[in-house]
Engineer: 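Mind having a look at this structure? Questions to follow.
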Amino acid sequence: MTASVLTRPRATAATLPARRQRRRLGPGRPIPFAAAIGPLLLLALWAIGSAAGWLDSRTLSAPWTVVTTAGDLIASGRLQENLAVSAQRAALGLSIGTVIGTVLALISGLSRWGEAIVDGPVQIKRAIPGVALIPLLVLWLGIDEQMKVITIVLGVFVPVYIHTHNGLRSIDSRYVELGESLRLRPAVFLRRIVLPGALPGFLLGMRFAVVGAWLSLVVVEQINSTSGIGYMMELARTYGQTDIIIVGLVLYGLLGLLSDGAVRLAQRKALSWRRTLAD
């Protein structure tokens, strides 16, 4: 019996079943339309709860009621008008905040003196919620568009700075030594080594930034506004129109989801050279 065990051929990769050879330790193959599965399940639970009477329509309107209300708002033009105003505010604040966060990250990430001057104030702002600054911004700037855009900028530039700065400081020092040995000019070093090395961190920061822009917009549009999705929701709260409030919430959620999806798509395209667990 001992001899038979000793002479039994050892299992190799060639003799293992094909199914076991294909097994991976990672998360597995990508699922088509995976990003839509979670929201669709949430929508299904919402519809089932409304149809079964588990959800009070005065507290949470049914999905079909929300769809009907959205159709009425579109027919009257209110939804498109308010959406255009909100999108303009978010886009302007996101653009300015992204530029400020990127520039500050480059100054702080590439210079010790820059880090000593810039990083501390940014970390202080990071610890202060944007909502806490609104009373001060109202006193300084009033309640016009300038205050709203600056509030969005303050909610955007911090995540862009944090993740871009981390991406810069995470660049392998061997690449820096290679650039020094090749005597690269500062502009070439910045273009060939620094920017590609910081790109993963920057794109991750953009995912947080686009969501931060919409979150900030929700807050500022409910403070003495006369237009925008938040204003429409605040007006509906005054008259107890739950369905319109839900329309606004769904719209904010869809805008955030689509914005994040756009950044993730750009991330996959720009970083296609990387091999990660997600691949």
Side-chain angles (χ1 to χ4, degrees), residues 35-94 129-135 137-139 141-156 209-262:
I37 294 177
L40 288 177
L41 287 175
L42 186 61
L43 178 61
L45 291 174
W46 181 15
I48 293 172
S50 298
W54 299 335
L55 300 175
D56 188 350
S57 60
R58 293 171 298 180
T59 304
L60 183 62
S61 302
W64 42 88
T65 304
V66 173
V67 172
T68 302
T69 302
D72 295 337
L73 291 172
I74 293 173
S76 64
R78 288 178 58 194
L79 191 62
Q80 302 94 306
E81 181 181 353
N82 288 305
L83 177 59
V85 174
S86 296
Q88 182 179 1
R89 289 169 179 160
L92 184 58
L94 180 63
V131 179
L133 294 175
I134 289 180
L137 293 175
V138 170
L139 288 176
L141 306 172
I143 57 174
D144 58 1
E145 290 298 310
Q146 187 178 7
M147 183 275 293
K148 296 176 176 61
V149 172
I150 289 179
T151 302
I152 298 172
V153 169
L154 293 176
V156 165
V210 292
V211 175
W214 294 114
L215 291 176
S216 301
L217 184 69
V218 173
V219 176
V220 297
E221 285 191 338
Q222 296 184 23
I223 300 176
N224 294 325
S225 294
T226 57
S227 60
I229 301 299
Y231 164 74
M232 185 181 70
M233 293 171 59
E234 183 65 18
L235 193 63
R237 182 194 64 81
T238 304
Y239 294 103
Q241 297 170 317
T242 308
D243 50 349
I244 296 181
I245 297 175
I246 301 300
V247 169
L249 291 175
V250 171
L251 189 57
Y252 275 131
L254 289 176
L255 291 171
L257 189 63
L258 292 174
S259 301
D260 181 71

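Values in this document were obtained by computation on a predicted structure and should not be read as measured data. Hydrogens, waters and symmetry mates play no part in the numbers below; they use all other heavy atoms, side chains included.
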Engineer: Donor-acceptor pair, Y252 side chain versus G230 backbone, under 3.5 Å?
Structural biologist: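 Between the backbone of G230 and the side chain of Y252 there is a qualifying donor-acceptor contact (under 3.5 Å).
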Engineer: What residue among L73, L251, L83, V85 forms side chain to side chain contact (heavy atoms under 4.5 Å, CB included) with M232?
Structural biologist: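 So, applying the side chain to side chain contact (heavy atoms under 4.5 Å, CB included) to M232 and each of L73, L251, L83, V85, only L73 qualifies.
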Engineer: Rounded to the nearest 0.5 Å, how far apart are CG of L217 and CG of L255?
Structural biologist: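 Atom-to-atom, L217:CG and L255:CG are 9.0 Å apart.
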Engineer: Between V247 and A70, which heavy-atom pair has the shortest distance, and what is it?
Structural biologist: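 For V247 and A70, the tightest heavy-atom pair comes out as CG2-N, 4.1 Å.
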Engineer: With a 4.5 Å cut-off on side-chain heavy atoms, are V218 and M233 touching?
Structural biologist: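 M233 vs V218: side chains apart.
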Engineer: Nearest 0.5 Å please: distance from the CD1 atom of I48 over to the CG atom of L43.
Structural biologist: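 That separation rounds to 9.5 Å.
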Engineer: Begin with the C-alpha distance, continue with both residues' side-chain angles, and end with the deciding distance and a verdict on side-chain contact (heavy atoms from CB on, under 4.5 Å) for L137 and L154.
Structural biologist: CA-CA 11 Å; L137 293 175; L154 293 176; 4.0 Å; yes
Engineer: Let me confirm one number: the OG1-CD distance from T151 to Q146, rounded to the nearest 0.5 Å.
Structural biologist: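 Here the rounded value is 10.5 Å.
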Engineer: Check whether any side-chain heavy atom of V66 sits under 4.5 Å from a side-chain heavy atom of W46, and report yes or no.
Structural biologist: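 A side-chain contact exists here, since the closest heavy-atom pair is under 4.5 Å.
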Engineer: Please round to the nearest 0.5 Å and tell me the distance separating atom CD1 of I152 and atom CG of L215.
Structural biologist: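 If I round to the nearest 0.5 Å, the distance is 10.5 Å.
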Engineer: Testing the basics here: between L257 and P39, what is the closest heavy-atom pair and its distance to 0.1 Å?
Structural biologist: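 Minimum heavy-atom separation between L257 and P39: CD2-CG, 4.2 Å.
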Engineer: The criterion is side-chain hydrogen bond (donor to acceptor under 3.5 Å, both in side chains); which residues satisfy it with S50, sequence neighbours excluded?
Structural biologist: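 With neighbours one apart ignored, the set is empty.
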Engineer: Under the rule for side-chain contact (heavy atoms from CB on, under 4.5 Å), what residues qualify as partners of I37, not counting sequence neighbours?
Structural biologist: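 For I37, the residues satisfying side-chain contact (heavy atoms from CB on, under 4.5 Å) (neighbours in sequence not counted) are I31, L41.
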Engineer: Looking at residues at least two apart in the chain, or sitting in another chain, which of them share a side-chain contact (heavy atoms from CB on, under 4.5 Å) with A236?
Structural biologist: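 Result, side-chain contact (heavy atoms from CB on, under 4.5 Å) vs A236: Q241, I244, I245.
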Engineer: Not counting sequence neighbours, which residues clear side-chain hydrogen bond (donor to acceptor under 3.5 Å, both in side chains) with S86? List them please.
Structural biologist: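 By the side-chain hydrogen bond (donor to acceptor under 3.5 Å, both in side chains) rule, S86 matches E221.
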Engineer: Are V210 and L94 side-chain neighbours, meaning at least one heavy-atom pair lies under 4.5 Å?
Structural biologist: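 Touching, per the 4.5 Å side-chain cut-off.
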Engineer: If you take all heavy atoms of V153 and G93, which pair is closest and at what distance?
Structural biologist: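 For V153 and G93, the tightest heavy-atom pair comes out as CG2-O, 3.5 Å.
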Engineer: Would you please name every residue forming a side-chain hydrogen bond (donor to acceptor under 3.5 Å, both in side chains) with T242, sequence neighbours left out?
Structural biologist: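 Not a single residue meets the side-chain hydrogen bond (donor to acceptor under 3.5 Å, both in side chains) criterion with T242.
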Engineer: Calculate, to the nearest 0.5 Å, the distance between atoms CD1 and NZ belonging to I134 and K148 respectively.
Structural biologist: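 With rounding to 0.5 Å, CD1 (I134) is 10.0 Å from NZ (K148).
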Engineer: Using the test side-chain contact (heavy atoms from CB on, under 4.5 Å), find all partners of A132 that sit at least two apart in sequence or belong to another chain.
Structural biologist: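 For A132, the residues satisfying side-chain contact (heavy atoms from CB on, under 4.5 Å) (neighbours in sequence not counted) are I128, P129.
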Engineer: With sequence neighbours excluded, what pairs up with E145 under the side-chain hydrogen bond (donor to acceptor under 3.5 Å, both in side chains) test?
Structural biologist: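 Residues passing side-chain hydrogen bond (donor to acceptor under 3.5 Å, both in side chains) with E145: R89.
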Engineer: Do the side chains of I229 and L79 get nearer than 4.5 Å, heavy atoms only?
Structural biologist: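 Yes, side chains in contact.
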Engineer: Going by the side chain to side chain donor-acceptor pair (under 3.5 Å) test, which pairs reach into residues 64-83, not counting sequence neighbours?
Structural biologist: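 Checked against side chain to side chain donor-acceptor pair (under 3.5 Å) - neighbours excluded - the pairs reaching residues 64-83 are T69-D243.
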Engineer: Who pairs with D144 by salt bridge (charged side-chain N to carboxylate O under 4.0 Å, His left out), at least two apart in sequence or on another chain?
Structural biologist: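 Once residues adjacent in sequence are excluded, D144 has no partner under the salt bridge (charged side-chain N to carboxylate O under 4.0 Å, His left out) criterion.
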Engineer: Please name all residues satisfying side-chain contact (heavy atoms from CB on, under 4.5 Å) with I143, sequence neighbours left out, ordered by chain then number.
Structural biologist: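 Partners of I143 under the side-chain contact (heavy atoms from CB on, under 4.5 Å) test: V138, N224.
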Engineer: Looking only at atom types and distance, does a side-chain atom of T59 sit under 3.5 Å from a main-chain N or O of L55, one as donor and one as acceptor?
Structural biologist: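 No: the side chain of T59 does not pair with the backbone of L55.
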